[in-house]
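Encoded as structure tokens, the structure appears first; notes follow it.
Whatever order the structure lists ligands and atoms in, that order sets their numbers, starting from 1.
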Amino acid sequence: MRITALFPLACAIVGFVLSMLCLFAGSKKNFMEDYNIITLNTSTLGHNILGSDDPSATTTASAAAATATSTADKIGDWFTDIKDNVTDTIEDEFNDLVADVADKLAQELGIRQWYSLHLLDMCEGYYKPNATAKGASKNITSCSNRTAMYDFDLNKVLNQQLEVGPLKINLSDINWPDDIQDGLDTLNVAFNAVFILYAIGIAAAGIAIIASLIAFFLHGSRLISFGNWGLASLSFISLLVASALVTYVMSKAVHIINKYGNDVGAYAYRGKKYLIITWVAVAVMFLASLAWVVEFFIGKRKQRREYTEKSHRSRGWGRSRKSDEAHLRRAGV
Ligand SMILES: *[C@@H]1O[C@H](CO)[C@@H](O)[C@H](O)[C@H]1NC(C)=O
Ligand SMILES: *[C@@H]1O[C@H](CO)[C@@H](O)[C@H](O)[C@H]1NC(C)=O
Ligand SMILES: *[C@@H]1O[C@H](CO)[C@@H](O)[C@H](O)[C@H]1NC(C)=O
Ligand SMILES: *[C@@H]1O[C@H](CO)[C@@H](O)[C@H](O)[C@H]1NC(C)=O
Ligand SMILES: *[C@@H]1O[C@H](CO)[C@@H](O)[C@H](O)[C@H]1NC(C)=O
Ligand SMILES: *[C@@H]1O[C@H](CO)[C@@H](O)[C@H](O)[C@H]1NC(C)=O
């Protein structure tokens with residue numbers, strides 16, 4: 001029994017569980033939805049059309065150009081409806097009005113109020129009680145099928161939903177910037193690498209658990225310490241690179257979406273909880289790896305001490321019982 005093997009064992013177990021959660025968080029409806037990588041708030045998507053088009057301008061424009069009427073009219077009509085229902089709406093109050101209708105906007109367009117990106121799938125739904133309520137929580141409508149290395153195609157999803165939505169419009173009608181999907185494409189490529197890195201990290205942590213158990217039950221040799229160190233380090237490095245990549249592309253994608261999307265009413269948020277679990281997994285695997293280095297050198301020192309002890313005694317009165325024990329301990333792996 002090597003009690004000191006318990007610490008790296010515990011670290012490997014925690015690292016294994018956390019990196020599994022990183023991979024599978026959100027992969028089922030209502031399973032760790034909060035641990036997403038990016039959330040997109042689309043509750044005000046399309047407000048720019050309402051905002052920029054003064055309803056009378058829309059009417060004159062559509063009267064002049066009968067070809068381009070359908071979209072502007074449909075949205076304009078709907079908006080005029082709301083506007084008529086609100087008396088004395090002046091410019092300054094316009095944003096308040098948008099906030100009021102924010103809850104209905106997504107439904108009117110046929111889209112969801114939020115979309116969240118996980119490593120294996122994408123979920124969507126509405127906010128409850130409503131999008132503007134403080135501390136609103138997410139009500140999940142559906143999640144996509146779970147696929148390793150899927151392509152997060154936000155444009156396609158939104159376009160489909162808009163086209164079948166009540167207004168039958170598409171992304172170009174709401175001036176959706178192409179830069180957003182360009183940014184997300186980079187993310188897709190990075191996520192394929194991240195998936196593989198997590199898989200390696202998880203596998204290495206899993207084997208490290210077994211190897212730590214072997215070290216615990218058998219009298220560990222330096223070879224076992226070394227093997228354990230290798231496994232913990234492999235897991236640590238894979239998870240480190242995966243976490244660094246996720247952190248980087250997450251920030252980048254959120255930046256891009258907010259830069260180009262805020263104008264049309266799309267807001268992106270970082271998955272802070274995800275970052276916490278992935279970096280804690282990195283940290284515990286680092287500790288496990290460090291613990292095996294210490295084990296290795298302690299083992300080495302002990303071995304050297306036993307060796308000198310033995311040679312000292314054998315010079316005096318031959319093999320003593322104590323050096324026999326040390327010999328056995330060294331030989332017995
Ligand atoms: C405006 O109010 C009328 C009646 O009060 C209602 O039927 C209609 O749905 C309202 N329009 C909107 C867009 O809320
Ligand atoms: C949203 O919900 C909050 C809390 O339930 C409520 O105070 C607020 O009036 C709601 N806003 C809208 C626009 O319905
Ligand atoms: C969603 O975005 C709108 C517009 O920025 C904001 O008012 C609302 O608070 C956001 N909702 C949540 C739940 O973040
Ligand atoms: C949450 O969504 C379900 C359907 O997906 C719906 O039946 C339920 O009313 C929603 N709850 C809230 C609070 O919006
Ligand atoms: C999800 O999988 C089911 C069957 O497993 C299939 O019928 C469905 O079309 C898939 N959905 C998507 C979006 O691929
Ligand atoms: C959007 O719809 C318009 C016509 O309403 C069409 O000309 C345009 O090609 C469509 N764009 C996309 C991306 O489907």
Side-chain angles (χ1 to χ4, degrees), residues 25-26 29-53 75 78-79 82-83 85-86 89-118 121-144 152 154-155 157-159 161-162 165-167 169 171 173-177 179-181 183-184 187 247 250-276:
K29 203 173 157 180
N30 292 324
F31 176 63
M32 296 177 76
E33 169 52 42
D34 283 348
Y35 294 81
N36 54 51
I37 296 173
I38 291 173
T39 304
L40 198 66
N41 174 354
T42 51
S43 61
T44 51
L45 189 66
H47 77 89
N48 55 314
I49 305 180
L50 310 183
S52 60
D53 285 346
I75 300 176
W78 173 65
F79 188 62
I82 296 166
K83 208 163 180 175
N85 283 6
V86 182
T89 311
I90 50 167
E91 285 295 313
D92 291 346
E93 283 174 350
F94 189 81
N95 286 333
D96 294 344
L97 177 64
V98 167
D100 280 347
V101 303
D103 212 39
K104 297 167 203 140
L105 196 50
Q107 256 160 6
E108 187 62 28
L109 293 174
I111 60 171
R112 310 289 171 259
Q113 287 183 332
W114 58 263
Y115 296 83
S116 67
L117 169 63
H118 301 280
D121 67 346
M122 191 179 125
C123 293
E124 55 186 48
Y126 297 99
Y127 285 114
K128 65 180 175 188
N130 59 46
T132 42
K134 215 171 171 189
S137 64
K138 289 160 152 182
N139 192 12
I140 304 179
T141 310
S142 66
C143 290
S144 66
F152 181 48
L154 187 63
N155 276 10
V157 172
L158 281 176
N159 214 25
Q161 291 178 347
L162 284 171
L167 294 182
I169 57 174
L171 277 182
D173 296 320
I174 57 168
N175 304 329
W176 182 258
D179 302 275
I180 292 185
Q181 188 59 42
L184 291 176
L187 197 89
T247 309
M250 175 193 284
S251 304
K252 189 139 194 216
V254 164
H255 177 76
I256 290 175
I257 295 175
N258 284 330
K259 183 172 167 195
Y260 297 105
N262 284 1
D263 284 347
V264 296
Y267 295 82
Y269 313 121
R270 282 182 181 79
K272 295 201 184 85
K273 288 185 178 176
Y274 186 91
L275 287 183
I276 292 173

Legend entry - Close side-chain approach of Lys259 to Ile256, heavy-atom, < 4.5 Å: no

Inset, instruction - Specify the protein heavy atom at minimum distance from atom 7 (O) of ligand 3: its residue, its atom name, and the distance to 0.1 Å. - result: Thr132 CG2, 4.0 Å

Legend entry - Side chains of Ser116 and Met122 in contact at under 4.5 Å (non-hydrogen atoms): no

Inset, instruction - With Tyr269 as reference, evaluate Asn36, Asn41, Thr39 under the side chain to side chain donor-acceptor pair (under 3.5 Å) test and give the passing residue. - result: Asn41

Legend entry - Top protein contact for atom 3 (C) of ligand 3, by heavy-atom distance: Asn41 ND2, 3.6 Å

Inset, instruction - Examine the proximity of ligand 3 to Trp114 and report which part, side chain or backbone, both or neither, has a heavy atom under 4.0 Å away. - result: neither

Inset, instruction - Looking only at distances, please establish whether an N/O atom of ligand 3 is found under 3.5 Å from an N/O atom of Tyr269. - result: yes

Inset, instruction - Answer whether the closest heavy-atom distance between the side chains of Tyr35 and Ile276 falls below 4.5 Å. - result: no

Inset, instruction - Would you mind listing which atoms of ligand 3 come within a distance below 4.0 Å of any non-hydrogen atom of Thr44? - result: 4 (C)

Inset, instruction - Write out the residue and atom name of the closest protein heavy atom to atom 8 (C) of ligand 3, then the distance separating them to 0.1 Å. - result: Ala131 O, 3.4 Å

Legend entry - Side chain proximity check, Glu124 to Val157, heavy atoms < 4.5 angstrom: yes

Inset, instruction - Answer yes or no: is there a side-chain heavy-atom contact under 4.5 Å between Ile140 and Glu33? - result: yes

Inset, instruction - Check each atom of ligand 3 against the heavy atoms of Ser43 and keep those under 4.0 Å away; list them by number with element. - result: 1 (C), 2 (O), 3 (C)

